[in-house]
Amino acid sequence: MLGSAERSRVEKAFVESYKQLKKYQKEEADILIRDILSGQSEKSGVKKEKQSFAELEAQIKTFLENAKAGNYYAPNRVIPKSQRPKWRFLVKGYIKELGKIVPDSEHYERATVLLREIYALLCEACNYYLFSTKDAFRSVGWQQDELFHLLVSKTFGSGFSKDNVAEMTVMACTGGLSRESLYYEQQAVLLSELKTSDVKYMAMETIKEEVQERKEKLSGVGKFDHQRYYLEEETNNFCDLFLMLSISLAETEPGVKYYFKNSIKPQKEIVLYRALEAADILGDDEAWIEIYKYGLSKKIKPRDELTREYREKIR
C-alpha cells in the first residue's frame with residue numbers, strides 16, 4: 001500500500017502513526033528514523049570484526065562512569081546531545097553480549113560483575129534521573145524481574161558461595177524499582193534459584209545481619225529524616241524475604257515470629273496483612289492459615305477481607 005500511495009498520503013500516515021507513540025517510544029523512534037533517512041542503518045549492516053572481551057569491558061566501564069556522572073542526562077561536553085538517547089541501545093547490546101558468556105569462560109566472573117553493575121545502575125535510574133526516562137528497565141526492553149533472573153542465574157553459575165548468596169539477597173531487597181515491578185517479584189526470583197536448604201539458611205543469615213545493621217542506623221536517625229523511609233523500607237523488604245524463605249523450609253512459626261518482631265509498620269494488623277501476602281505469593285494455604293492464627297493469638301483483629309479469605313481456606 002505504501003509503495004503505490006501518493007507521497008503526501010504516505011507522509012500523513014507516518015505522522016499520524018508517530019503521534020500514537022508514547023514519549024519514551026518516540027525517543028527510540030527518533031534515532032531509528034534519523035539513521036534510516038541518513039543511510040546509517042545500511043552502514044550498520046556491514047559485518048563488524050568480533051570484539052574482544054577486554055574491549056567490551058572497557059566500553060561498559062566508560063559507559064557506567066558517564067551514566068553515574070549524569071552525562072547521558074544533563075548538558076555536558078563529554079557525550080554529545082545527539083548521542084545521549086542512544087544509551088538504551090548500548091545497554092541492550094551490553095546485556096546481550098554478557099549473556100552469551102558461558103561459565104567455563106575465563107571471563108565469566110568479570111562478565112557477571114559487569115552485568116551486576118548494569119543492573120544496579122538501572123535500579124538507581126528508577127530513583128534518580130540518570131537518563132531521560134522514568135523507567136530505565138522498560139527503555140532497554142527488559143522486565144526488571146527477568147533481568148534480575150538473568151543476573152541471579154549468572155551469579156550462581158560460578159557457585160553458591162557465601163558472597164554470591166549475600167550479594168543477590170541484598171539486591172533482591174534494595175535498589176530502585178521499575179514502575180511495573182515489586183520487590184516481591186525479585187524475591188520470588190531469588191527464591192526459585194535457592195534450591196537447597198543450605199543456601200536458603202545462608203540467605204537468612206545475611207538478612208539477619210542486614211536488618212540488624214539498619215535497625216542500628218535507625219536508632220541514630222531523626223523521626224523526619226529522609227533516610228528513615230529508605231531504612232524502614234529495606235528492613236521490611238528483608239523481613240518479607242526472610243518469611244518467604246521460612247515458609248519454603250516449612251518453618252513458618254519461627255519465620256513469622258521473626259517477621260512480627262522486626263517488621264516496621266504503624267499497625268500490627270498491617271504486619272499481619274503483609275505476612276499473609278508473602279504466603280499468598282508462594283501459594284501456601286497451610287502457611288497462610290498458620291500465620292492468620294498467629295495474628296489472632298497476638299490479639300490482632302484482621303480486616304474483613306482477610307477474615308472472609310480465612311473462612312474460605314478452612315472449608
Margin query: Which heavy atom of E269 sits nearest to which heavy atom of K301, and what is that distance?
Written below: CG-O, 3.3 Å
Checklist line | Non-hydrogen atoms of K200 and S248 that approach each other most closely | finding: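 Looks like NZ-OG, 3.3 Å.
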State whether the side chain of [X] and the backbone N or O of [Y] hold a donor-acceptor pair below 3.5 Å, judged by distance alone.
| X | Y | answer |
| --- | --- | --- |
| S219 | E216 | yes |
| R9 | A5 | no |
| N236 | S263 | no |
| S105 | I101 | no |
| N66 | N71 | no |
| Q143 | S181 | no |
| E55 | S52 | yes |
| R116 | L151 | no |
| Y108 | K154 | yes |

Look at [X] together with [Y] and state whether they make a salt bridge at an N to O cut-off of under 4.0 Å.
| X | Y | result |
| --- | --- | --- |
| K313 | D285 | yes |
| R7 | E11 | yes |
| K293 | E290 | no |
| E57 | R110 | yes |
| E205 | K208 | yes |
| E65 | K61 | no |

Next item on the list: Tell me, please, whether Y73 has R84 positioned over its six-membered ring: NZ or CZ under 6.0 Å from the ring centre and within 45 degrees of its axis?
Entry: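 Not satisfied by the 6.0 Å and 45° rule.
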Note to self: So if I apply the side-chain contact (heavy atoms from CB on, under 4.5 Å) rule between T174 and each of E210, R214, Q186, which one comes out positive?
What the structure shows: R214
Check: Can you say whether the rings of Y72 and F63 are parallel (under 30°), tilted (30 to 60°) or perpendicular (over 60°)?
Finding: tilted
Next item on the list: Return the orientation label for the Y119 and F148 ring planes: parallel under 30°, perpendicular over 60°, tilted otherwise.
Entry: tilted
Note to self: Tell me if the aromatic rings of F137 and W142 count as close, with their centers under 6.0 Å from one another.
What the structure shows: no
Item checked: E253, CD atom: more than 12 neighbouring heavy atoms under 6.0 Å ->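 Atom CD in E253 is not packed in, count stays at 12 or less.
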Next item on the list: Assess the side chains of S178 and D135: does a donor N or O sit below 3.5 Å from an acceptor N or O?
Entry: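 A pair is found: one side chain offers a donor N or O, the other an acceptor, under 3.5 Å apart.
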Margin query: Before you tell me yes or no, could you show the steps for L177 and C126 under side-chain contact (heavy atoms from CB on, under 4.5 Å), namely the whole-Å CA-CA distance, both residues' side-chain angles and the distance that decides it to 0.1 Å?
Written below: CA-CA 6 Å; L177 280 180; C126 291; 5.7 Å; no
